[in-house]
Structure formats: structure tokens, C-alpha cells
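We name chains A, B, ... by the order of the sequence lines, and we start the count at 1 in each one.
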Amino acid sequence: MKIQSIRGVKDILPDEIWKWQYIESVAHNIFPRYGFREIRLPIFEDTRLFSRSIGEATDIVEKEMYTFNDRGGDSITLRPEGTASVVRAYVQHKMCNPPSVLKMFYIGPMFRYERPQAGRLRQFNQIGVEAMGSPSPIVDVEVMTMLMEFFRELGLNNIKLEINSLGSQECRPRYRELLKAEIEKSLDQLCSNCKARYQRNPLRVLDCKVEQCGKVAVGLPKIIDHLDAASAEHFSEVRSLLDSASTPYSVNASLVRGLDYYNRTAFEVTSKNLGAQNAICGGGRYDTLVEELDGPSTPCFGFALGLERLVSLVPFNDMKNLQKYPDVFIVCLGEETKTTGFQIAHELRLKGFWVERDYEMGSMKSQMRKANKSQSRFSLILGENEIRSGKFVLKHMETGEQIECPVEELATEIAKLSADS
RNA sequence: GUGGGCGUAGCUCAGUCGGUAGAGCUCUGGAUUGUGGCUCCAGCGGUCGCGGGUUCAAAUCCCGUCGCUCACCCCA
């Protein structure tokens, strides 16, 4: 039996990889402007890191982690998200240096054992950003505006920034109990799903897709009306700073995050063009996580965005300036040209050109076909005549025009003609 | 974990009432001795997901199974 890739994982093939590289290059270009530097983290960690940070009772920890014992008997987990590892590294390497804020981003694969569907894989890639060391709403808004600038640079449209406040460790549990009590009053009107989950996850009832539940939800209390004074003040500052940056957003009072460690600001960026899994990015403030992982009190703000989902949204068709195909395809005719062809390819590559060729030394026709298929901008033809005259035929594949060119002028000629077209 | 849809050539798909497979694209070669794309011609390519059953006969009907996909759930 032929071995297939594991369910829920995907190969990124050479025809597509340029999209990923492009997105990553934009991240590498924009994030440092805001002071973020890359950190590379292991993809597996001590299982306890995730159960302690994400929350024992979350779906991720309860049923979605790839957990196994290594040969030494230790429980290892393929990371289901990146923030826990960043915090672990922050604490482990004693990176705290108050009052300065440490800003980092990471790019890499995450693993969750879920049923695959549109926009959801078992191995998927995220870009994550974490700003560690300040409770200031300026940090929240700077990170969110950086994100929106990143999306703008990538040409995304039809995306929506939604924000909410989850309050503090004090006011949130209070609100939860209030909400549960209110839900119980209309329990008979809710869908079976909500009846089953409201005890465990009452916030979910607020954005249930069933119409009946939506009607009930309208009358339920909202977290932002039950914030403690400090959280309310924080949230209002976030909003006015977003306004002052002219960043469009809306408040979604039913926005919830799936990980336990979030407090105060929570946000999501969604797109209508993604299918049911419509969030391209989610994040928020997590002021107590570092302490919970035995570090110093360090309020933080961060987000993670889904690269597969982002790749599907970026309008790559409109991008003209990205090089995807070779500059030159070298066509060699006859045994005599073997060495010269090899040398010319080598020299052009040393000068930075993308050079492709045929290795079968087939007929001119078949080599030209390959040149055409490679989508090279030029073909360079060298046969016995050219070796003798010292001038090679440089053919522009799109226009069909060809010129004779001495070997020492090839590089400048190719560069010149490329710039013209 | 629960539902729906789908598995036929490398890709996209047709295949009638059951009679052991077809198109387009791709690919290879030729028409054009050293010039690609367009056109024309020829050729390569399939255990019809897999296993069982019914039948003289199964891509087609039945049962099972695996895979893909979409949705619920959940989330990036």
C-alpha cells in the first residue's frame, strides 16, 4: 500500500511556496518597525506547559493535543499554540528587564487533533506576536494597528476587526455567574447544544448560530456592562486610541477567546471569504500568565494568525513584481556546447540570475518547449555556430525578438532587457 | 465525536435500463535538419478507492471498510 500523508496535514508544493515566502517577508519587514524581533521555539514541550497555561478544561487541552511519552517516559506535547512557549522561554531565560517591554514574534507549525474542514488542519502554521511587560492600552492598540497595517500591505480587503473586553479575574467570574443565572431563566427556549454547554461555557450561548438562541442572547447581560472600573477605563482607552489611529473596528460583546489566560482586551479579525472558520487572527491581553508559569508579574498582549487562512485571502493575482520563474533558459545544441553551456549557466547564477536548462540535450524543438514551459523570460541559444562566432542568441520569449550577444555582455544585456519589459 | 456530499487516466469530469471504460486538458513524438506558444495528426496513460455479496455478466445494484470534502463542535 502506498503511504499517504497523515489526515489533516498538507504539503506546501513549490508552485505555492512563494506565497508563503512573500507573506513571511512582509512580516519580517513590518514587525521590526514596531520593535518586534523573531524568536524560534521548539515544536514540542513538556505537556504540563500547555495544561497549565491554556487551561485544563479547554477543548484544546482536553481532546485536541498530540501528547505522547518519549523514550525516557516523559509526557511530551506537540505545541497546539505558541504563546505558552514564548512565556516559557521568557521565564526560563530571565528575559524580563523592566521597565522595557519585550516584543517578539514567531512563525511556525501548530498541532491540534481536530476534524479537518475548510480552513482547519491538524498541522497548521501561525504567525504570533507577543508584547511582554506593560499593561498600557497603548500596547494593545499598537499591536492591533501593526496587524492591520500588515494586512493592508498584503492587500487584504473585506476584513473586520472586532474587539471586546473580558474584564479581570475578579469581575469575569462574577459576570459568568450572573450570565448563567439569566440563561437558566430562558433555558427552555435554547437549542439542545446550548442547554448542554451553558453551565460549562455560558459565553458561547451569546453567539450561538441557532436563531432561537440569538433572540434570547439579545436580552442577556453583556460583559462590557459588568466590567470593574479599571477594566472599563482600560477598554475605553483602547477604543479612543483605535479611533485616533483611524483604525476601523467594531465592538462585539459576545466575542470570546478559547484559551483561559486572556483578560481585558480580546480581539479577532474575520473575513467573509473563509468559510465557517472565518477568523484569520485572534488575540488579546494576558496579564497573569507569566506569573502562573512562575515568572515575575508581567502583563502581556499578543495575537496569533493562521497562515493557511491568510494565504487563501491574499490577492496574489494582482502582484506583478514577484519573481516566480527563471530569468534565462539555456538551450545547448550538440556535444561541443556542453562545457560552454555549463559554464555560462554557472556564471550567470553567480551574478544572481535564475537560470534553468535542459539536461537531456534533446532536439532544439524539445528544448525550446521546455524553455517555454519553464516560463523563463529569456532563452539563450548556443550551438556550434555560436561557439565559433563567440556570439550567443538571446531570445525574449514573450515578444519572440532575439539578438546576438557576445558572452561577456550577456549579464548586462539580460538585466537591461528585463528592466525594459 | 455527530451529520451531509464525493471517490473512474497526472488534472477536471462523462459513463443511459447492469453487457468488464470515454472526453477535454496535461504528457511524448511528428507536421517544421537550429527556434517555444497557436493549429493539425499520432501515441502514452485506468485493478473504476479497497473488500465482500447478488448476477451468465457490476464503474453501475447491496453490505462493509478506507480516504477526501463540507458543516456542527471548536478555533487560527
Side-chain angles (χ1 to χ4, degrees), chain A residues 1-2 4-10 15 54 58-64 79-83 107-129 147 191-194 196-197 200-201 203-204 207-210 255-259 266-271 274-284 302-313 329 331-334 337 358 360 362-387 392-402:
Chain A
M1 202 184 85
K2 252 188 257 171
Q4 305 247 310
S5 60
I6 301 295
R7 166 168 234 205
V9 311
K10 276 241 174 357
D15 280 345
I54 298 170
T58 58
D59 276 19
I60 292 177
V61 170
E62 255 182 12
K63 45 193 190 195
E64 295 176 3
R79 62 182 183 190
E81 61 106 33
T83 301
I107 303 177
M110 307 295 161
F111 306 84
R112 291 181 203 173
Y113 189 85
E114 292 186 274
R115 200 70 176 261
Q117 71 180 73
R120 191 168 75 184
L121 292 168
R122 289 183 173 178
Q123 176 176 342
F124 59 99
N125 289 278
Q126 288 188 332
I127 298 182
V129 158
L147 173 68
C191 70
S192 53
N193 199 343
C194 283
R197 70 182 166 184
R200 221 182 99 123
N201 206 345
L203 297 168
R204 285 288 167 202
D207 61 349
C208 180
K209 287 163 188 162
V210 177
L255 190 133
V256 196
R257 306 266 69 232
L259 293 76
F267 76 100
E268 230 168 59
V269 180
T270 57
S271 164
L274 277 175
Q277 308 298 314
N278 67 347
I280 183 173
C281 177
F303 66 75
L305 65 88
L307 268 172
E308 281 79 3
R309 294 179 190 180
L310 182 55
V311 166
S312 75
L313 289 178
F329 191 100
V331 174
C332 291
L333 301 165
T337 64
D358 176 37
E360 310 308 317
S363 68
M364 175 131 190
K365 184 200 251 325
S366 90
Q367 291 194 50
M368 287 303 291
R369 277 207 189 122
K370 286 175 185 174
N372 189 56
K373 238 173 293 167
S374 76
Q375 303 199 59
S376 291
R377 196 196 299 269
F378 297 98
S379 57
L380 179 68
I381 300 166
L382 53 141
E384 287 153 20
N385 299 340
E386 285 77 12
I387 300 250
F392 300 104
V393 174
L394 187 63
K395 175 167 185 168
H396 192 284
M397 294 300 281
E398 204 171 314
T399 63
E401 283 168 34
Q402 50 188 55

### Message
What's the gap between rU12(B) and rG52(B) when it is taken at their P atoms, as a whole Å value?
### Response
28 Å

### Query
So, the side chain of E114(A) versus the backbone of P116(A): is there a donor-acceptor pair under 3.5 Å, distance only?
no

### Query
Between the side-chain atoms of E386(A) and the base atoms of rG34(B), is any donor-acceptor pair under 3.5 Å?
yes

Polar-atom pairs under 3.5 Å, protein N or O versus N or O of nucleotides 27-31 of chain B: list them with distances, or write none.
from	atom 1	to	atom 2	distance (Å)
rU28(B)	OP2	K373(A)	NZ	3.3

### Task
Taking only the side-chain nitrogens and oxygens of Q126(A), find out if one of them lies under 4.0 Å from OP1 or OP2 of rA76(B).
no

### Message
Quick one: does any side-chain atom of Q367(A) pair with a main-chain N or O of G362(A) as donor and acceptor, under 3.5 Å?
### Response
yes

### Message
Please compare P116(A) and F124(A) by the position of their nearest nucleotide in RNA chain B and report the one closer to 5'.
### Response
P116(A)

### Task
Remember a base hit wins even if backbone is also touched, and classify L274(A) as base, sugar-phosphate or nothing at under 4.0 Å, heavy atoms.
nothing

### Message
Can you identify which nucleotide, out of rG36(B), rC74(B), rA71(B), has its nearest atom closest to the D59(A) side chain?
### Response
rC74(B)

## Note on the structure
5'-most contact on RNA chain B (nearest-nucleotide basis), E81(A) vs S379(A), goes to S379(A)

### Exam field: side chain S363(A) to backbone S366(A), donor-acceptor pair closer than 3.5 Å
yes

### Query
Using a cut-off of 4.0 Å on non-hydrogen atoms, how would the nucleic acid contact of Q402(A) be classed: base, sugar-phosphate, or nothing?
base

### Summary
In Watson-Crick or G-U wobble terms, with both distances under 3.5 Å, the base opposite rG64(B) is rC50(B)

### Summary
Regarding the side chain of M368(A), the nearest nucleotide among rU35(B), rA76(B), rC72(B) is rU35(B)

### Task
Under a 3.5 Å limit for both distances, which nucleotide forms a Watson-Crick or G-U wobble pair with rC27(B), could you say?
rG43(B)

### Summary
For D358(A), the salt bridge (charged side-chain N to carboxylate O under 4.0 Å, His left out) test, sequence neighbours excluded, returns K370(A)

### Message
Taking 4.0 Å as the cut-off, does a side-chain nitrogen or oxygen of Q117(A) come that near to OP1 or OP2 on rC72(B)?
### Response
yes

### Query
Can any side-chain N or O of R309(A) pair as donor or acceptor with the backbone N or O of A279(A) at less than 3.5 Å?
yes

### Message
So, does R120(A) get its side chain near the phosphate of rU69(B), meaning an N or O under 4.0 Å from OP1 or OP2?
### Response
no

### Summary
E398(A) atom CD is separated from rC38(B) atom P, nearest whole Å, by 14 Å

#### Entry: Identified pairing partner of rU33(B), criterion: Watson-Crick or G-U wobble below 3.5 Å
none

Where do N or O atoms of nucleotides 3-10 of chain B meet protein N or O atoms at under 3.5 Å, pair by pair?
none

### Spacing of N372(A) atom CG relative to rG36(B) atom C1', expressed in whole Å
4 Å

### Task
Would you indicate which nucleotide in rG34(B), rU69(B), rC74(B) comes nearest to any side-chain atom of Q277(A)?
rC74(B)

### Message
A cation-pi test, strictly: NZ or CZ of R122(A) under 6.0 Å from the centre of the six-membered ring of Y113(A) and no more than 45 degrees from its axis. Yes or no?
### Response
yes

### Task
Once you apply the 3.5 Å cut-off to both distances, tell me the Watson-Crick or G-U wobble partner of rA58(B), or none.
none

